[in-house]
Amino acid sequence: MLSLSRIRENTDAVQKGVSLKGEDIDFSLLLNLDEQHRKLLTEINDLRAKRNRASEEIANVKRAGGDAVEAITAMREVGEQIKSLESEADDLQEKIKSTVEVIPNVPHESVPIGSSEKDNKVVREWGEKPEFDYTIKDHIEIGTSLRLFDFERSAKISGTGFPLFTGQGAKLERALINFMLDYHLDHHGYTEIFPPFLTRGSAPFTCGQLPKFAEDMYFTGKDELYLIPTAEVPVTNIHKDEILEEQDLPKYYTAYSACFRREAGSYGKETRGLLRVHQFNKVEMVKFVTPESSYEELELLVTHAEAILQTLGLHYRVIELCTGDLSFSAAKCYDLEVWSPAENTWLEVSSCSNFEDFQARRGNIRYRRSSNHKTDFVHTLNGSGVATPRLTVALLESYQTPDGKVIVPKALQPYVGTEVLG
RNA sequence: GGAGAGGUGGCAGAGCCUGGCUGAAUGCGCCGCACUCGAAAUGCGGUAUGGUCAUUGACCAUCGGGGGUUCGAAUCCCUCCCUCUCCGCCA
């Protein structure tokens with residue numbers, strides 16, 4: 001959430017920022033409401049001060065055994081006046097709040113300007129496209145013939161988009177999760193978290209999924225709980241309404257979770273196999289840092305996600321998202337895209353973002369500066385480290401052999417317990 | 001599912017019955033000063049957050065959320081939310 005004072009004092013910059021994200025917001029309306037609201041507050045403030053003084057006076061008179069009927073009658077009227085102004089102010093406040101909470105974060109100045117995906121910038125590429133001197137199979141063919149997963153049967157259970165992993169496929173899934181968690185714990189200094197997968201509405205509000213993107217989330221009507229679309233949601237809210245100590249920052253958390261996404265409105269080729277699913281597994285990294293360090297931390301975060309792909313020996317590239325492709329809450333974001341030989345395209349497996357104080361404000365996550373003991377909002381970041389479905393696609397396709405088997409990358413072998421699948 | 005207890009500042013914890021210098025005792029923590037070669041201990045002082053207006057500053061709000069009673073609510077009433085304990089059921 002953007003602060004009202006920022007909107008008020010830097011209207012042009014904010015206006016420009018959100019328009020670069022493709023949002024056309026009429027700020028004059030909001031500013032008008034805000035001005036009315038503050039005017040009203042001043043008025044109420046003065047009346048309340050008056051009432052407080054009078055009440056004190058009445059207390060004194062009564063204590064002295066006097067009679068204060070006159071003052072009481074006079075104040076009764078003031079009370080009514082205050083009440084009516086207050087309800088007016090509350091209405092305005094409500095309007096302002098509902099407007100502000102759907103305004104997206106402003107992109108960082110370093111973010112390339114652009115309107116869509118096509119304007120994203122390739123920052124770097126790692127490794128090389130695997131070469132094959134035979135006709136390769138795609139991940140669905142490989143997985144089906146090796147019985148790693150079974151989409152027909154999973155459709156019977158849950159419908160399309162809910163993968164059912166079987167045998168070595170199930171073990172591979174578990175191996176990837178464990179490998180990634182261990183890697184971040186052993187090499188990057190994260191603390192492991194195993195979060196709840198259902199949360200209250202306040203948790204996705206913090207992160208920015210609510211109220212604007214409620215349609216994208218699974219919701220259990222009866223208990224009013226949301227299924228998490230990412231571990232970011234529960235993990236970011238670990239410190240909701242807290243004041244952290246500066247010396248305890250940065251805090252690094254990594255968590256596995258199942259992720260649930262309705263993916264409303266996405267049909268067609270992209271939904272084939274594991275490319276876009278309603279439930280998937282992901283290891284997420286979440287950081288709570290000081291404002292001064294957040295951009296440094298973002299660069300570091302990207303390298304943490306990259307380390308997974310490098311260790312698995314997968315060809316990938318790092319994309320810097322342009323302003324128009326940034327998500328609602330992000331100020332800056334890098335995507336990691338892994339190469340799929342059969343799809344002959346890049347697949348997004350990670351998204352690493354700096355939210356600055358946008359989420360921290362929504363979730364009231366603060367820290368106390370050790371220099372002056374004042375509180376300020378932390379900066380939050382998160383990145384996938386990484387999501388398994390497309391990782392599996394790249395893995396199966398890149399490491400397939402002419403006889404239809406799949407070589408397991410060395411780092412993964414202890415986890416899978418075999419050198420070859422099939 | 002049934003019964004009960006409770007939500008107060010960075011933390012712990014009074015106050016609520018009996019409404020009025022209580023924005024909130026006390027302790028811990030933290031900061032400053034003194035003592036000390038230094039530290040510990042001790043002593044003294046300070047230490048919530050947000051907002052409105054303004055030059056220092058003034059004022060206002062906030063004791064889980066909302067509503068009500070009242071001149072005045074942490075304190076009384078209603079309502080919602082949350083947490084904990086016991087019993088039952090259950091992986």
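In what follows, chains are A, B, ... by sequence order, proteins preceding strands, each numbered from 1. Hydrogens, waters and symmetry mates play no part in the numbers below; they use all other heavy atoms, side chains included. Fair warning: this is a prediction, and the values are worked out from it, not measured in the lab.
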(message) Could you tell me how far B:rG23 sits from B:rA73 if I compare only their P atoms? Round to whole Å.
(response)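 After rounding to an integer number of Å, I get 11 Å for this pair.
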(request) Run the numbers on A:Y252 and A:H188 for ring pair (Phe, Tyr, Trp, His ring centres under 6.0 Å), then give the verdict. (result) CA-CA 9 Å; A:Y252 284 15; A:H188 301 146; 9.0 Å; no
(request) Give a yes/no answer on whether the side chain of A:R368 brings an N or O atom under 4.0 Å of OP1 or OP2 in B:rG29. (result)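 Looking at the OP1 and OP2 atoms of B:rG29, neither is under 4.0 Å from any side-chain N or O of A:R368.
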(request) Report which part of the nucleic acid A:D46 touches: base, sugar-phosphate, or nothing (heavy-atom distance under 4.0 Å, all strands). (result)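 The answer is nothing, as A:D46 stays clear of every strand by at least 4.0 Å.
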(message) Let's see if you can work this out: which of B:rC53, B:rG67, B:rG20 has an atom nearest to the side-chain heavy atoms of A:R38?
(response)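 So the nucleotide nearest the side chain must be B:rC53.
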(request) With heavy atoms under 4.0 Å as the rule, sort A:R366 into base, sugar-phosphate or nothing. (result)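 Result for A:R366 = sugar-phosphate.
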(request) With P as the reference atom in both, quote the distance from B:rC80 to B:rG32 in angstrom, rounded to an integer. (result)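 To the nearest whole Å, 50 Å.
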(request) Ignoring backbone atoms, establish whether A:K83 has a side-chain N or O less than 4.0 Å from OP1 or OP2 of B:rU69. (result)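 Checking A:K83 against B:rU69: at least one side-chain N or O falls below 4.0 Å of OP1 or OP2.
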(request) Identify the nucleotide, in any strand shown, that forms a Watson-Crick or G-U wobble pair with B:rC90, with both distances under 3.5 Å; if there is none, say none. (result)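 Across all strands, not a single nucleotide pairs with B:rC90.
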(message) Give me the distance, rounded to whole Å, that separates B:rC17 from B:rA12 when you measure between the P atoms they each carry.
(response)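 These two P atoms come out 25 Å apart once rounded.
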(message) Could you tell me how far B:rU49 sits from B:rG64 if I compare only their C1' atoms? Round to whole Å.
(response)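 So the two C1' atoms sit 16 Å from each other.
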(message) With a cut-off of less than 4.0 Å, is there a side-chain N or O of A:R369 near OP1 or OP2 of B:rG10?
(response)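 No, A:R369 has no side-chain N/O under 4.0 Å of OP1/OP2 on B:rG10.
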(message) When the P atoms of B:rA48 and B:rA34 are compared, how many Å lie between them, rounded to an integer?
(response)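 Pairwise P distance, B:rA34 against B:rA48, rounds to 23 Å.
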(message) Measuring to OP1 and OP2 of B:rC53, would you say a side-chain N or O of A:N45 lies under 4.0 angstrom away?
(response)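 A:N45 to B:rC53 OP1/OP2: no side-chain N or O under 4.0 Å.
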(message) With a cut-off of less than 4.0 Å, is there a side-chain N or O of A:R76 near OP1 or OP2 of B:rC71?
(response)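 Result: yes.
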(request) Considering only atom P, compute the distance from B:rG20 to B:rC77 and round it to an integer number of Å. (result)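 After rounding to an integer number of Å, I get 15 Å for this pair.
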(request) Assess the side chains of A:K332 and A:S110: does a donor N or O sit below 3.5 Å from an acceptor N or O? (result)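 A donor-acceptor contact under 3.5 Å links the two side chains.
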(message) Whether A:E343 and A:R390 form a salt bridge (side-chain N of Lys/Arg under 4.0 Å from carboxylate O of Asp/Glu) is what I want to check.
(response)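 A salt bridge is absent here (no side-chain N lies under 4.0 Å from a carboxylate O).
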